[in-house]
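I have placed the structure first, in the form of structure tokens, so that the comments after it can refer back to it.
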4 protein chains.
Amino acid sequence: MQADLDRRRPGQSRITTPRKETDTCKILSGTYEGMTTGTPIHVFVPNTDQRGGDYTEMAKAYRPSHADLTYDLKYGVRSVQGGGRSSARETIGRVAAGALAKKILKLKSGVEILAFVSKVHQVVLPDDRVDYETVTLDQIESNICRCPDPEYADKMIAAIDKVRTEGNSIGGVVTCIARNVPRGLGTPVFDKLEALLAKAMLSLPASKGFEIGSGFAGTDLTGSEHNDEFYMDESGNVRTRTNRSGGVQGGISNGETIYFKVAFKPTATIGKKQNTVTRDHQDIELRTRGRHDPCVVPRAVPMVETMAALVLMDQLMAHSAQCEMFPLNLALQEPVGSANSTPVLAPDVA
Amino acid sequence: MQADLDRRRPGQSRITTPRKETDTCKILSGTYEGMTTGTPIHVFVPNTDQRGGDYTEMAKAYRPSHADLTYDLKYGVRSVQGGGRSSARETIGRVAAGALAKKILKLKSGVEILAFVSKVHQVVLPDDRVDYETVTLDQIESNICRCPDPEYADKMIAAIDKVRTEGNSIGGVVTCIARNVPRGLGTPVFDKLEALLAKAMLSLPASKGFEIGSGFAGTDLTGSEHNDEFYMDESGNVRTRTNRSGGVQGGISNGETIYFKVAFKPTATIGKKQNTVTRDHQDIELRTRGRHDPCVVPRAVPMVETMAALVLMDQLMAHSAQCEMFPLNLALQEPVGSANSTPVLAPDVA
Amino acid sequence: MQADLDRRRPGQSRITTPRKETDTCKILSGTYEGMTTGTPIHVFVPNTDQRGGDYTEMAKAYRPSHADLTYDLKYGVRSVQGGGRSSARETIGRVAAGALAKKILKLKSGVEILAFVSKVHQVVLPDDRVDYETVTLDQIESNICRCPDPEYADKMIAAIDKVRTEGNSIGGVVTCIARNVPRGLGTPVFDKLEALLAKAMLSLPASKGFEIGSGFAGTDLTGSEHNDEFYMDESGNVRTRTNRSGGVQGGISNGETIYFKVAFKPTATIGKKQNTVTRDHQDIELRTRGRHDPCVVPRAVPMVETMAALVLMDQLMAHSAQCEMFPLNLALQEPVGSANSTPVLAPDVA
Amino acid sequence: MQADLDRRRPGQSRITTPRKETDTCKILSGTYEGMTTGTPIHVFVPNTDQRGGDYTEMAKAYRPSHADLTYDLKYGVRSVQGGGRSSARETIGRVAAGALAKKILKLKSGVEILAFVSKVHQVVLPDDRVDYETVTLDQIESNICRCPDPEYADKMIAAIDKVRTEGNSIGGVVTCIARNVPRGLGTPVFDKLEALLAKAMLSLPASKGFEIGSGFAGTDLTGSEHNDEFYMDESGNVRTRTNRSGGVQGGISNGETIYFKVAFKPTATIGKKQNTVTRDHQDIELRTRGRHDPCVVPRAVPMVETMAALVLMDQLMAHSAQCEMFPLNLALQEPVGSANSTPVLAPDVA
């Protein structure tokens, strides 16, 4: 849990916000002698580096493209310090929970979830520079930008350094892959696996887009170019030769690697002067003093992973409830196929 | 309700599937003398043009990039005729419900939700050919492709006609706008308005991507280029000069027009020969005979609208529950009225 | 499904309402070749014996202790014919769903759910006239009152006949038992098994009370008299010598027989003259002409069973999701106990 | 909030457990300058008087009628100290939240929720010794037993004192009333108001029964005796002359005082010797040393109030969402106002 929190915390490198938070987590309840007890787990992560003074202007003026205005519109009251509920600090709770989900998914089914930075501003990592089947956590964590290709990582870091010194900000894209996901996760209609992933990703601060598999680019192809043909592999599993579906067909995982991309806009809080209005409706010029991230994308990597893990964990539980209560060999009177590299939740119908 | 169902139904034009369904809806319960009664509304839309024979091969072989395999993996059993639960016919229920939501949203707050086709295969409607603030339903419905620009509509229809005669298929993009959306809808963390919209859209058959506001293209900008500056308009409202946020900031609507795009892949069912495997694990060549859409995008337009309406309606209700129980100036600044014998929430019907 | 619907339907005997409904169910979707497909099941049961004229007065005057007034207060509009949503006909859907849940519970774990009438008006079936461990469906269904003791059944039927001829009504108590319920169902805090059962039972029309195990009478005992002492049975299971807990401890089933009682008030609709007011607020005398049940309790028996089955089914699924994903011998490194008469969901910790 | 927590805390009088806990609450987030911000409120109440040694036997042996066994059955692991999740300490969180709900209900609609002890062991407060329309909090809090009749309070206290010195325990009944509840709360079918209350009450530790209005005793009456006749009061409201319904008809509140009773069994943890088994399946004699309540009923009073408040608050919000969005006379009889540039749901903060 702490390892993932460290990947998320501010002040971890020069390309993140200079705020210093250790984000040390302490488990207050829900475990006993090193094991979870089945009850809620209380993780406590107090703030240590708050500077109220940083937020003086914000209390008065609405920061452009931030949540200040909309919170006031909705609730009529707002915690100003640190952005209150709109602070990205809320993702600490997500990352803590996701660390548990990742561990269970790994233990249960060998699921491996990895995210990395594939675009920063106008620096785009070409698709052929990363292999979704083999890329490792070590490669991703080898640089502060969390791009598995060192050459492109350097270009991205340079782009961030540039806007950092200017008091400006940039955004980018995080790609996430999930390998060894059991087949059968997701549901046919409203809770399609891609729908749940989309919601999870768009719930992250600053995210503006989601695409799975071929995504928006897939609309350039015809059906015969786009379809993933099936074949029998040597283990007797139905597999697809290509994976434009991104591991999901009809809302349900098919055992191929799931992959998707999430767009993050440039950080709204910048050091440059901007026109805005105050809470009492006066036009004003604002120059924010708070310490902010020049680019949230490297810190968004563990957040994307954690949300993917929570979605998959939920669906694994839901699948267990709906489809695994009866050993199928009893229900269907047939033997269950041998477990192999791609885990099989329910057997193929022979 | 029927008007929207007619926009969704198969056989409405030569660029949709030739299956003939009138999709005539009948309300079986939930209304009384022309008014909803507050209880669930049962809308019944029976099939009329089923041809079992069309599905003979599908019963045996898995159609590439369709839900056939994943359903068998998950449930071990599957309704073959018409694709069962994976048939896009399930969207009838969505469109019927959405018609009600649209009406309430319009009546309550003047909300106007319009979707249109902005890309078919490689034909892209340029952003400057449509004005989100003024485009009308009539313009959209003026052609069978539902693109508000006649010139581009013709190009798109030509593209669909081409693949139709080839037994192939193509996809595209639907843009959706929602005008006059009340400020304050959505919540700060998991149920951000954009997250709910993303889930709703990715739950539609064949959708592969979602982006709101500046979306993926917004990652090309810096923060100072991307931020929407605030100003006071003549009515005393806080407005933004630009709208790269897409009408949502921090998960909550800000009163500007909401707009987003949804990518739909090429229809998986095509008339061309494809390699695949059978349910009993034999490699096979499949040529599907079923009547399918060469391009789902024109029929997806009412589906996108309906899902947007359902999300906004839910959030309007949630906002009413959390934030409108107390008129703020009353609750906070005035004494509460004397308790009288029996408070009345809804008036007696005189 | 039809068998349970027949136990619920009106007109099944002289002590129920004389309305004639066959309540014939037709499954419109959700099954394929005799198996459920994992998608929602649409069961259609149309009305056949509606007499609009019966409801003329009800359209104008509020029937005492009926839902007429409160529906108008809440919604301002109300379907008058047959009571609309407040008609006990809505329990058809419950009974249809419960029939499936019962079947799965039986197949999966040998769960047996039986309800019977234990009180009608002032006729009380003594506790020692029925053995919760051995009473059978045949005994219960041997008479039209559904009381497993023929002598008391006759007394109850006589009581109902008396009020029936007077145009009056009476209530009573239904006792429900669930045998072979797996140990471990329910959760520690808000979703305690008894809480879920209580909600399910109080959601039935005309129910006014619920008690599990020793219930209200248990408050007459001291802790040393009330506690259920544990012992080891010959199969190596922890059992209780008494069962005042009613099969549930701390919100979770302990494998003993679950039993509880539900109080049903006298039917509100009676043939006698009553004072009331009209919808336009005039005092009036009302004599209802509609055909009503002199005592709902015999027909409530399948309703109570069905709600118990739905609760247990839900909890079986929830337990599967939370606690059965890992075979515990893997998680805990210990052998799982042998399955025996009382099913074991999770092993005792040895 | 602290006032209600003080009514719940252990050690408040000689008839409660001698454990000394101040239960001092501290709000860590969710408020700003004395106002709630619309985000979750974190209330922190740490333990201060833990004595691990008290629980040594419990770690080994299952206490009869306690949750020890069922937790092990369900989870295979259990926090032994203080009972873990099964400790009644979890009700602190309920009482803290309920304090807020009570305040909002009072402020919004003048709702007044009061509970009191109406039975302890075999001491029953006669119905005619308390008037549901006029009983006050002061009367209830005038003695440590929380029975509004001083004479019966003394008898109850004597009964508790007796078992306390014997190391035994007793249970009882809490009656709860809610006055000035708005008309229209609750829903017609599954979420009937009485169903929600029943669930809430049976989720409280040690509760075994719930009855609303006439409850189980109502089954002794005929329909003509039981029905609550309607009349017009001088304010023009439809009222009932009697209130056997308990303020709820057809699942929806009718504006009369809601009242219900909850049965609490004798505390399971007692000082007397009992037969039980150990975790490793050995028969054993257990004498518990922990400090326990001789009778939980006086401390259950604020718990019952809090759960009633949470149910009513939820339903007030749900009613607002479904039924108050349109003022009925406006929606149904008047033209809808012209849409103006940007509808405002909540006012700007001036």
Side-chain angles (χ1 to χ4, degrees), chain A residues 62 64-65 67 69-70 73-74 76 85-86 90 122 168-172 183-184 188-190 192 194-195 198-199 202-203 208-212 215-216 218-220 222-224 226-230 232 238 245 249-250 252 254 263 265-267 270 272 275-277 281 328 332 346 349-350, chain B residues 62 64-65 67 69-70 72-74 76 85-86 90 122 168-172 183-184 188-190 192 194-195 198-199 202-203 208-213 215-216 218-220 222-224 226-230 232 238 245 249-250 252 254 263 265-267 270 272 275-277 279-281 328:
Chain A
Y62 295 126
S65 288
L69 170 72
T70 51
L73 288 171
K74 186 173 189 77
R85 190 74 176 171
S86 71
E90 58 86 358
Q122 291 166 4
N168 210 339
S169 68
I170 46 180
R183 303 196 275 179
V189 184
F190 296 108
K192 287 188 168 75
E194 58 268 44
K199 182 188 173 191
L202 268 293
S203 81
K208 301 298 281 185
F210 168 89
E211 59 180 7
I212 189 164
F216 281 90
T219 62
D220 286 335
T222 66
S224 62
H226 189 273
N227 281 352
D228 296 317
E229 292 191 333
F230 290 117
M232 298 304 306
V238 182
S245 299
Q249 289 172 329
I252 297 170
N254 66 356
K265 68 171 184 176
T267 318
I270 56 176
K272 286 179 172 300
N275 293 312
T276 186
V277 300
H281 289 183
L328 272 185
L332 297 180
V349 175
Chain B
Y62 295 127
S65 288
L69 170 72
T70 50
D72 268 356
L73 289 172
K74 186 173 188 75
R85 190 75 178 171
S86 71
E90 59 85 0
Q122 291 166 2
N168 209 337
S169 68
I170 46 181
R183 304 195 273 178
V189 184
F190 295 109
K192 286 189 169 72
E194 58 267 43
K199 181 187 173 191
L202 268 292
S203 80
K208 302 297 281 184
F210 168 90
E211 58 180 7
I212 189 164
F216 281 91
T219 61
D220 286 336
T222 65
S224 62
H226 189 273
N227 281 352
D228 296 317
E229 292 191 333
F230 290 117
M232 296 306 305
V238 182
S245 299
Q249 290 172 328
I252 296 171
N254 66 357
K265 67 173 186 175
T267 319
I270 56 177
K272 288 179 171 299
N275 294 313
T276 186
V277 301
R279 289 189 90 193
D280 53 0
H281 289 185
L328 267 188

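Predicted, not measured: the structure shown is a model, and the values here were computed from it.
- Interface residue A:N227: backbone and side-chain heavy atoms are both found under 4.5 Å from chain B.
- Proximity to chain B (any heavy atom under 4.5 Å) is shown, for A:K199, by both the backbone and the side chain.
- The closest side-chain heavy-atom distance from A:I270 to B:S224 is below 4.5 Å.
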Walk me through it: do A:D220 and B:Q122 pass the test side chain to side chain donor-acceptor pair (under 3.5 Å)?
CA-CA 5 Å; A:D220 286 335; B:Q122 291 166 2; 4.7 Å; no

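- The two residues B:I252 and A:K74 have their closest heavy-atom pair at CD1-CD, 3.8 Å.
- Here B:L202 is the residue among B:L202, B:I170, B:T276, B:V277 with the most heavy-atom pairs under 4.5 Å with chain A.
- For chain B, the nearby part of A:T267 is the backbone; its heavy atoms alone come within less than 4.5 Å.
- Annotation: salt bridge (Lys or Arg N to Asp or Glu O under 4.0 Å) contacts of A:K208 (sequence neighbours excluded): none.
- Residues B:R183 and A:T70 are not in side-chain contact: their nearest non-hydrogen atoms beyond the backbone lie 4.5 Å or more apart.
- Pairing each heavy atom of B:P64 with each of A:D228, the nearest pair is CB-O, 3.4 Å.
- Contact check for B:E211 versus A:F216: side-chain heavy atoms found under the 4.5 Å cut-off.
- When all heavy atoms are compared, the tightest approach of B:P266 to A:G218 is CD-O, 3.7 Å.
- Residues passing the salt bridge (Lys or Arg N to Asp or Glu O under 4.0 Å) test with A:E90, sequence neighbours excluded: A:R94.
- The backbone N or O of B:A67 sits nowhere less than 3.5 Å from a side-chain atom of A:Q249 that would complete a donor-acceptor pair.
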